[in-house]
Every structure is written in structure tokens, then in C-alpha cells.
Amino acid sequence: MAKDKKTVCIVGAGESGLAALKECVQHGMAPTLYDLDSDIGGLWHKKLPGQYSNTASIWPTLVTNNSKYTMCFSDFPPDPKDPVFISPPQLCAYFKRMINHFGLAKYIHLNTEVVKVRETPDHDKTGKWEVYTRDSSAIGDKLSSQEDISEQDMLASCRKEIFDNVILCSGWFKEPFYPDIPGLKYFTGSVSHSFTYSDPRPFDNKKVLVVGNKFSAAEITSDISNLAEETYLALGQGTWIIPRLFRGGVPLDLSMPRSMIWARDPEFSFNEMILTESNGKMNHTQSGIGTSTQPATSPICISDDLPVKIASGKIKPYGHLTELKQNTAIFQEGETIPGLDAIVFCTGYRTNTSFVDLKIHDDDGKMELYFMVFPLNRKHNTLALVGHYGTDGPMVLLGENQARLAASVMSGCHQLPPQKTMAQNVLFWNQISAARRPGFYNYLIPGFAFMDALAMELGFYPSFWKIFFRDPVLAWRTWYGPYLAVQYRLLGPNSQWDKAREMCYKAYDEGLSCIRHADEKVADRPDIKRRRKQRAISVLGLGALVTGLILWRTWK
């Protein structure tokens with residue numbers, strides 16, 4: 001290892017951590033990645049029964065919300081044989097292929113807990129960090145046996161290392177959040193959270209209430225309803241349910257062209273699209289599922305089963321849960337559900353960066369991070385966060401764009417703007433998040449616009465006119481067609497024009513052919529020929545009649 005290489009500690013081997021690792025290697029840095037779990041993948045990695053983890057669980061029917069074309073890294077395309085929407089095992093297999101392709105395995109250290117990250121005594125001069133780690137293979141036992149040990153004694157038993165830089169990729173979904181529901185502590189049934197949900201079997205033949213109105217609530221409710229005796233869903237203010245495949249079988253994330261995101265009034269276009277797709281499956285007003293606010297600032301969930309199961313009575317939607325009296329749920333609208341056996345809260349998470357000796361969050365959860373990466377007002381930009389927010393965009397690609405910023409700055413390839421400019425950027429994204437979802441504990445960054453803004457900062461934004469003079473068709477499809485991860489390798493630093501261009505066209509043309517396991521068939525439609533013939537005869541007959549009338553009037 002060259003002595004002049006800058007060292008960087010990466011915390012977390014999920015999608016964001018792997019993106020940071022790849023980018024740091026490509027920028028000539030010396031990275032070391034630590035993860036608490038026994039395998040890579042973060043929340044996508046399935047934990048063994050009883051295995052301690054600080055990431056949310058997954059369940060057998062779970063698939064990604066975004067398609068494989070955006071749930072991938074820009075310089076490592078998905079396998080053409082992968083389905084459009086990927087399961088957690090398939091996504092983790094993709095991550096491992098990427099690790100092998102770029103030779104990253106030697107930098108990854110699993111079963112390692114990062115206990116503390118703090119400034120070195122000479123940090124003001126050097127910007128360096130102390131990182132304390134320990135083996136996590138039996139961390140559950142260690143936590144219970146070390147509750148009363150002082151921090152100083154605990155750190156004394158850890159391994160201490162000095163790094164030039166630290167990138168935190170430990171994730172946003174760290175601690176389950178339970179709402180303060182009066183009477184909850186007296187509920188005699190089981191109470192759990194989506195954080196630990198992995199199987200519907202514990203709810204077999206039971207009356208279950210799921211509380212939540214976003215992604216995990218929709219999928220978990222649908223999953224539980226397959227076995228439960230009765231399944232209820234407390235939607236609070238309501239939600240808009242959209243499918244993964246929009247009209248024409250187009251994946252939802254490929255239905256949002258760049259031209260729509262950067263239109264003069266993108267909110268209008270977004271609202272129209274969500275209302276059309278959600279009401280295409282079920283009238284959200286008549287069913288009481290929808291909200292009284294526009295989709296751009298309302299909860300949205302993705303589910304293909306939920307509308308049908310609601311329509312068939314398998315799932316019964318309710319409103320605001322306000323109180324629990326023993327095993328009876330009471331709602332703001334006056335409805336009650338007696339005899340409940342279980343409640344599953346899908347009510348979000350709180351993040352946790354307590355292992356870092358630096359105040360990342362204000363008391364209300366607000367963060368001051370430039371592009372959600374670099375803390376403001378730091379003398380040295382040697383600490384970065386990647387993937388530390390909620391978003392409706394593809395986290396793999398978002399994390400990579402953030403990682404490109406972090407690695408570019410830390411390696412000296414890119415210089416951050418003045419603090420005043422950075423503060424304006426922080427205010428802008430914080431205001432957008434607050435408008436979309438109240439409360440900074442509930443960050444919701446608009447994913448596609450955020451990805452493009454990062455690309456503009458670093459110079460790899462797929463500009464229409466820059467592409468147009470090299471390939472007009474590609475420029476048109478990049479602007480009016482879907483977002484693709486590989487578009488961020490067409491221009492700018494570390495671009496791969498020929499390869500990226502080829503992959504763009506392959507993705508445009510692939511469509512749903514990746515899921516075909518039988519001969520392609522085009523339906524024979526003799527009825528169309530018959531209809532055209534009938535219309536032609538009708539038009540000719542009408543034309544003859546009109547002509548006859550005109551001639552008759554003329555002769556008369």
C-alpha cells in the first residue's frame with residue numbers, strides 16, 4: 001500500500017457502503033469497510049433466526065420497489081437474466097458479483113462492530129479520526145454483559161485505528177418507531193414492528209391490525225392476510241396505492257422521464273400520474289383510502305395485491321387509530337375493532353449515529369448536510385454520510401452518486417463550494433423534505449431530482465445538448481425516456497461513453513423480455529381486419545350518400 005494513499009474507514013456493507021467502497025478504490029484511496037453482520041447487503045441480507053442485527057428484517061415475498069435498471073450501480077449493469085423487480089437474495093447476489101468484478105473483497109471486514117468514531121487529539125490540524133472496533137460474532141451476549149461498563153473501559157477492550165477519513169453508511173432504518181397510542185401498554189395481544197417482521201406464520205388464524213400507510217405497511221398487510229383470520233389496516237390520513245407496473249407494463253420508476261422531473265411544474269405532472277395509476281386499480285375516494293391532500297405531499301405506498309384484497313374484504317382499511325382498550329382498537333372516525341390478537345406497527349424508524357462523537361442531528365432530527373453528505377462548518381471535510389435519509393428514489397443509485405461526491409472530495413479531485421453556498425443547498429433540500437413529509441425525523445428526499453443535482457455538482461449529469469451532438473437519438477431518449485443508472489456514465493469524470501451508450505440502448509430495448517421463458521407470440525386479430533373493413537364500407541357508403549345529396553341539390 002502506497003504511503004501517500006489516504007485512508008478511509010467505511011461503516012456499513014449495505015448498498016451505500018459498497019458504493020462508497022467502490023468509489024474510494026477508483027479514486028486511489030485505501031479503504032477499510034466494517035460491518036456488524038455476517039454477510040454484505042445491509043437490510044437486504046437475510047439474518048439467521050436469533051441472530052443479532054441492527055438492520056430491519058426482510059420477508060420471503062419482498063421485492064424491490066424500483067426496477068433493476070435503477071437499483072444498480074452506474075458502472076456495473078444488472079444481469080440481463082435478472083427479473084425486472086429483484087428479490088433480496090437476487091440483489092445481494094448482484095452486490096457480490098460487483099464485489100468480485102472490482103476486486104473489493106479484500107477491503108471488507110464482516111462481524112465487526114464499530115463502537116466509537118471520534119476526532120484524534122490533533123484533528124484540528126490533520127482532520128483524522130479514531131475508530132474503535134470489536135468482534136461482533138457474539139454481540140448479543142456482549143451487550144447484556146457490558147451494560148454497566150464505562151465507555152473508557154469498553155474502548156480499552158477495542159481495537160483502535162487512525163483514519164484520514166470516515167464515511168458513515170450505517171443506514172437510516174436503525175431503530176423502530178412506535179407512536180404514542182393511549183392504552184398500548186395494556187394491550188394483551190402481541191405487539192411488533194416491521195423492523196422484525198420476517199414471516200406471516202405467527203399470525204395464522206388471528207385477528208391482526210397493521211398500523212401504517214406507506215411501503216412496508218402495504219406489503220406486510222398483504223402478506224399477513226394470506227394466513228390471518230381477519231386483517232385490518234389503520235391508514236391514518238390515508239394513502240395512494242400505486243402498482244409496480246404502470247400502463248403498458250412499464251415499471252413505475254421507468255414511467256418518470258427526466259423531462260417530467262425538470263418540467264416547469266413537475267408537481268402537477270407527478271400528481272396527475274399518481275392519481276391516474278392509483279385510481280386505475282381502485283377509486284381511492286369512494287373506498288376512503290385516499291387522502292385529502294395531493295399525492296406530492298401525501299403518503300404513497302406500492303402494492304399490486306392490496307387493492308384486490310381490500311376489494312375482496314381480505315383486508316379492511318380504517319382511519320386514525322387513537323386509542324386501545326384492552327384488545328379493542330378505537331378510531332378517530334368512531335369505528336372500533338374488538339378482539340384483536342396482534343398489532344404490527346409499520347410506522348417508520350429513527351436513525352442512530354450515537355457511536356460518532358459529533359452532533360449529526362438537532363433535537364428535532366434536522367440535519368445540516370451538504371447534499372446530505374458533508375456536515376456544514378467543518379474545517380476538514382473528512383467525515384461524510386451516505387444513504388442517511390428517506391427517499392422515494394432508488395437507494396442503490398442515490399447512494400452511488402453520494403459516494404462519488406464523498407470520494408471525489410476526500411481524494412482531492414473535487415473542491416466543495418463556500419460555506420454560504422453549501423448552507424443554501426442544505427436549506428433547499430431540508431425545505432423540500434419538510435414540505436413532502438412533516439418532521440425531520442421523517443426525511444423524504446425526492447430521489448430522481450436529487451440524483452441529477454448531485455450529478456450536476458460533479459459534472460456527470462447526462463445533459464441533453466452534450467449528448468445530442470454525439471448521438472441525437474440517445475439524447476432524446478435520455479430526456480424523454482426513463483432514468484437509467486448507466487446514464488450517469490455517459491459524460492464527465494470516470495465516464496465510459498461507448499460502454500454506457502451500448503447499455504442504454506440494451507435497456508431501452510429489453511423491456512420485459514428478461515422475464516420471458518417461452519416463445520414470443522403476437523395475438524392474431526382477425527377482428528381488427530373485420531372492423532377496419534366495416535369502417536371502410538361505412539365511410540365509403542356515407543361518402544356516397546353525401547355526394548349524392550350534394551349532386552341532387554345541385555341538379556335541383
Side-chain angles (χ1 to χ4, degrees), residues 6 8 16 20 23-24 27 29 117-120 122-129 164-169 172 261-262 264 266-267 351 353 356-391 393 398-461 463 488 491-493:
K6 292 184 179 180
V8 53
S16 298
E23 292 303 318
C24 286
H27 280 80
M29 304 177 75
V117 174
R118 66 185 185 188
E119 298 175 351
T120 59
D122 62 349
H123 178 86
D124 190 58
K125 180 180 179 181
T126 64
K128 295 185 177 183
W129 299 86
D164 296 316
N165 303 275
V166 172
I167 303 179
L168 304 179
C169 308
W172 182 250
I261 300 299
W262 295 103
R264 181 172 297 179
E267 189 174 78
T351 190
T353 55
V356 183
D357 266 356
L358 182 69
K359 188 174 183 181
I360 305 290
H361 309 84
D362 292 340
D363 292 339
D364 62 352
K366 186 167 77 171
M367 299 180 290
E368 293 193 337
L369 302 174
Y370 180 64
F371 274 118
M372 306 300 292
V373 176
F374 286 103
L376 291 183
N377 303 314
R378 299 287 297 176
K379 182 178 180 181
H380 304 282
N381 294 305
T382 55
L383 176 75
L385 292 87
V386 173
H388 198 72
Y389 49 85
T391 180
L398 273 161
E400 185 190 49
N401 281 11
Q402 282 191 305
R404 292 176 75 171
L405 175 62
S408 296
V409 171
M410 291 175 171
S411 64
C413 296
H414 183 77
Q415 186 174 355
L416 292 177
Q419 285 292 325
K420 183 178 179 180
T421 303
M422 292 172 66
Q424 292 172 344
N425 175 278
V426 170
L427 179 63
F428 176 78
W429 292 110
N430 276 346
Q431 286 179 336
I432 286 181
S433 176
R436 304 184 79 210
R437 184 180 292 176
F440 288 108
Y441 279 113
N442 294 309
Y443 269 92
L444 186 63
I445 300 297
F448 293 96
F450 191 63
M451 289 191 300
D452 275 353
L454 276 161
M456 293 175 189
E457 167 73 16
L458 289 169
F460 59 83
Y461 173 71
S463 166
Y488 292 116
L491 304 170

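On a predicted model such as this, the values are computed, not experimentally measured, just so you know.
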Does any N or O in the side chain of Asp364 come within less than 3.5 Å of the main-chain N or O of Lys366, such that one atom is a donor and the other an acceptor?
yes

Do Leu369 and Leu385 come within less than 4.5 Å of each other through their side chains, counting heavy atoms only?
yes

According to side-chain hydrogen bond (donor to acceptor under 3.5 Å, both in side chains), who are the partners of Asp122, at least two apart in sequence or on a separate chain?
Thr120, Thr126

Atom pair CG (Asp452) and OH (Tyr461), whose distance is rounded to the nearest 0.5 Å
5.0 Å

Are any of the side-chain heavy atoms of Phe374 and Met410 separated by less than 4.5 Å?
yes

Please tell me if the side chains of Pro375 and Tyr370 come closer than 4.5 Å, counting only heavy atoms from C-beta onward.
no

Set out, in order, the CA-CA distance, both residues' side-chain angles and the distance that settles side-chain contact (heavy atoms from CB on, under 4.5 Å) for Arg118 and Leu358, then state yes or no.
CA-CA 7 Å; Arg118 66 185 185 188; Leu358 182 69; over 6 Å; no

Between NE2 of His123 and CG of Leu383, what distance do you get to the nearest 0.5 Å?
8.0 Å

Backbone of Val117 reached by a side-chain donor or acceptor of Asp357 within 3.5 Å
no

Does a side-chain heavy-atom distance below 4.5 Å link Tyr488 with Glu400?
no

I'd like to check Thr391 versus Phe450 (side-chain heavy atoms, cut-off strictly below 4.5 Å). Are they in contact?
no

Candidate pair Val166 and Val8, rule side-chain contact (heavy atoms from CB on, under 4.5 Å), full reasoning:
CA-CA 5 Å; Val166 172; Val8 53; over 6 Å; no

Output all residues satisfying side-chain hydrogen bond (donor to acceptor under 3.5 Å, both in side chains) with Ser408, sequence neighbours left out; order by chain, then residue number.
His27

Please lay out, stage by stage, how Met367 and Ile360 fare under the test side-chain contact (heavy atoms from CB on, under 4.5 Å).
CA-CA 6 Å; Met367 299 180 290; Ile360 305 290; 4.1 Å; yes

Is a side-chain donor or acceptor of Gln415 paired with a backbone partner of Val409 at a separation under 3.5 angstrom?
no

Give the C-alpha distance, both sets of side-chain angles, the deciding distance and a yes or no for side-chain contact (heavy atoms from CB on, under 4.5 Å) between Val386 and Leu168.
CA-CA 6 Å; Val386 173; Leu168 304 179; over 6 Å; no

Around atom CG of Asp363, are there more than 12 heavy atoms of other residues, nucleotides or ligands at under 6.0 Å?
no

Would you indicate whether the side-chain heavy atoms of Thr382 and Asp164 approach each other to under 4.5 Å?
no

How many angstroms lie between atom CE of Met372 and atom CG of Asn425, to the nearest 0.5 angstrom?
10.0 Å

Can you measure from CZ (Arg436) to CG (Leu444) and round to the nearest 0.5 angstrom?
4.5 Å

Minimum heavy-atom distance Gly387-Ser16, with the two atoms named:
CA-OG, 3.6 Å

Please check: side-chain N/O of Glu23 versus main-chain N/O of Ala406, any donor-acceptor pairing under 3.5 Å?
no

Would the distance check show the side chain of Ser411 and the main-chain N or O of Ala407 forming a donor-acceptor pair, the cut-off being under 3.5 Å?
yes

Please check if the side chain of Arg404 supplies one atom and the backbone of Pro493 the other of a donor-acceptor pair under 3.5 Å.
yes

Polar side-chain atom of Asn165 near backbone of Lys6 as donor-acceptor pair, under 3.5 Å
no

When you compare the side chain of Phe371 with that of Leu458, does any pair of heavy atoms fall below 4.5 Å?
no

Does this structure show an ion pair linking Glu119 with Lys125, if we count only N-O contacts that are shorter than 4.0 Å?
no

Looking at Tyr389 and Ser433, would you say the former's side chain and the latter's main chain have a donor-acceptor pair under 3.5 Å?
no

Look up atom CG in Asp124 and atom NE2 in His380, then write down how far apart they are to the nearest 0.5 Å.
5.5 Å

Trp129 (side chain) donor-acceptor with Gly127 (main chain) under 3.5 angstrom
yes

Could you tell me the separation between the CG atom of Leu454 and the CG atom of Leu398, rounded to the nearest 0.5 Å?
8.0 Å

Check the orientation of His388 and His361. Use parallel for under 30°, tilted for 30 to 60°, and perpendicular for over 60°.
tilted

Are any non-hydrogen side-chain atoms of Ser463 and Met456 less than 4.5 angstrom apart?
no

